[in-house]
Structure formats: structure tokens, C-alpha cells
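First up is the structure itself, then whatever we jot down about it.
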Amino acid sequence: MSMVYTEEYLKEKLIKELDAVHVEVRDESDGCGAKFSALVVSDRFEGKPPLARQRLVHAALRDELRAVHAFSQRTLTAAQWRARPAPAP
Amino acid sequence: MNTILIRNVSPIYKNAFKLTSRLFADAAINDKIDKIVKNNKVVVFMKGVPDAPRCGFSNAVVQIMRMHAVSYDSHDVLADENLRQGIKEYSNWPTIPQVFINGEFVGGCDIMLQMHQSGELVEELKKVGIKSALLTADEAKKESSK
């Protein structure tokens, strides 16, 4: 039985590992923990191309991603996040 | 006595054999992937085949490539478990699909989408001598409005 991860757990981990100032995690598998999408806002991404940013996120969730089937992400710096706020849900 | 000895010892040999064959397999698949990505300008490792992708993310990459009318070498990781694990280790990237341009890992579905939207993909393709169909369409539009 592999661990089932929740939105909240992944969010906390991303905040902690990446000094993220804003994180949104969505379980797109109706709580099965198989498919997630994440928005991560962190100044650790400053000056890094998308590939390097996503690698940072992968590294932060290295163990978790072994059990997660699908994971899509948006990675922004705090400045990019302020300049392009997502529409309110 | 003899049979007990064999019973006790043989699993060790079996494991050692498994371990060494696994190591050889790793080296072999690594070389194979290396050749694939270096011998083709654009390579996509995906779930399923371009005409029948078996995952939404792989399908998204196929659709992007179609829009740009890029011909590419595709490999179905669902048909080869060794390749499925091997490609993740080769690129140090945990998910499928994976896109390589000119031997270099470019990204997965999210990055391809971003590059498509930002126009960066057109530029990357241009660098390796591939003219995106979106660029051709763009030029035709400009030409007709002259």
C-alpha cells in the first residue's frame, strides 16, 4: 500500500522546501492522489528557465512523485505572480 | 544436506544474477536512448503512439507537434518497460512525455505548452533547421495583407 498524498500535504512541503510565498495544489483525481496540478510561486525561481524551475519542484517532491501518476506545474517568481494574478476561482 | 545447501544458497546467486543483469540493462538502455536522441532532430517519448496517444499529456504534445507540422521520432514507453524507466533516469525527469530537440532534453508537457504559447518553440525549431507551420502561416498572412 503506497502512501496517498493530499493537496494540503504537498502544499506544505512545497512551501517548506522552496520558500514558496504562494502555492496552489489541486488533486485532479478526485482525491485518489494520482494526478495533481500545482502553482508554485517562489523567488528561488528567479533567473531560472522553466526547465530548471520544474527540476527544483521535482527535487522538492522527489519521494512523493514516485507515487503520483501525473503532475503538472506552473512556476512563477513573486514578481511574475504579482504581475499576472490568476483569476479568482 | 546437499539440497538444503542449494536451497539456501541459490537465492543469493539468483539475486546477484538479477542485479548484474539489471546493471547491464541500465547501461544498454542508456546507450540506446543516447543514440535515439542524437540521431534525430526531434524525439518524443510518450505513452501510446502519435495516432493513438494513451495519456492526455502525451496527446497534448502530439497536438502541439501537429500544429507546427513537425515530423519527429516517437517512442512508446508503454510498449517497453525498460525504456520507460530508462528514459526517466537518462533525463533525470520523473514524468512522460519527454521531448528532445537536437539531442537535448527540452521538457515535458507543461514546458512544451509554455514554449508553444510564448513562441519559443518556433525559435527552437528554427535553430535546428525546422520551419514551423505556424511560422509559414504567419508569413502567408503578412504577405497577403501587403
Side-chain angles (χ1 to χ4, degrees), chain A residues 2-3 5 9-10 13-14 17-18 20 23-30 32-42 44-77 79-81 83-84 86-87, chain B residues 22 26 37 42-48 53-64 76-78 81 84-125 127-128:
Chain A
S2 70
M3 169 99 186
Y5 297 105
Y9 174 89
L10 295 178
K13 181 122 194 208
L14 287 167
E17 299 282 324
L18 297 171
V23 174
E24 289 171 25
V25 176
R26 236 186 23 238
D27 185 334
E28 296 178 338
S29 61
D30 296 327
C32 291
K35 184 177 178 185
F36 289 94
S37 71
L39 165 70
V40 186
V41 182
S42 166
R44 293 251 195 110
F45 298 145
E46 196 70 61
K48 289 192 171 66
L51 192 67
R53 293 179 181 196
Q54 297 210 353
R55 282 201 193 277
L56 283 178
V57 174
H58 286 157
L61 300 180
R62 199 183 55 211
D63 296 333
E64 291 78 5
L65 286 181
R66 286 199 190 109
V68 173
H69 167 74
F71 187 80
S72 80
Q73 45 170 313
R74 275 212 302 153
T75 46
L76 304 174
T77 61
Q80 286 175 323
W81 171 239
R84 253 180 54 187
Chain B
R22 168 106 185 106
D26 280 354
V37 302
V42 182
V43 182
V44 178
F45 294 91
M46 60 180 286
K47 291 182 179 172
R54 288 169 65 186
C55 158
F57 298 102
S58 289
N59 183 40
V61 168
V62 167
Q63 297 309 324
I64 291 170
D76 181 5
V77 302
L78 294 180
E81 184 59 30
R84 186 179 184 169
Q85 291 314 317
I87 189 62
K88 292 178 184 180
E89 279 160 39
Y90 180 86
S91 54
N92 187 25
W93 195 259
T95 53
I96 310 289
Q98 298 190 10
V99 178
F100 287 75
I101 298 179
N102 227 17
E104 246 178 78
F105 176 59
V106 176
C109 179
D110 294 326
I111 288 175
M112 289 308 289
L113 263 173
Q114 280 175 36
M115 289 176 67
H116 166 66
Q117 285 160 354
S118 69
E120 212 181 318
L121 184 56
V122 170
E123 295 305 313
E124 284 303 312
L125 291 170
K127 276 187 205 162
V128 298

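Here the structure is a predicted model, which is why all the values come from computation and not from measurement. Within every chain, numbering begins at 1; the chains are lettered A, B, ... in the order of the sequence lines, protein sequences first and strands thereafter.
When each of A:Ser37, A:Pro49, A:Ala70, A:Ser72 is checked for heavy-atom pairs under 4.5 Å with chain B, A:Ser72 comes out on top. With chain A as the partner, the residue from B:Cys109, B:Gly107, B:Pro94 showing the most heavy-atom pairs under 4.5 Å is B:Pro94.
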Evaluate the criterion side-chain hydrogen bond (donor to acceptor under 3.5 Å, both in side chains) for residue pair B:Tyr90 and B:Gln98; output intermediate values, then yes/no. CA-CA 11 Å; B:Tyr90 180 86; B:Gln98 298 190 10; over 6 Å; no
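Listed for the B:Asn102 side chain is no donor-acceptor partner under 3.5 Å among the backbone atoms of B:Glu104.
Neither the backbone nor the side chain of B:Ser118 comes within contact range of chain A, judged by heavy atoms closer than 4.5 Å. In this structure, the portion of A:Leu65 lying under 4.5 Å from any heavy atom of chain B is its side chain and not its backbone. At a 4.5 Å heavy-atom cutoff, the contact between A:Arg55 and chain B is made by backbone and side-chain atoms alike.
Side-chain contact between B:Met112 and B:Phe57: absent, with no pair of heavy atoms (C-beta onward) separated by less than 4.5 Å. In this structure, B:Phe105 and B:Asn92 have side chains that are not in contact, with every pair of non-hydrogen atoms separated by 4.5 Å or more.
In summary, of the residues considered (B:Ile111, B:Val106, B:Val99, B:Ile101), a side-chain contact (heavy atoms from CB on, under 4.5 Å) with B:Leu121 occurs for B:Ile101 alone.
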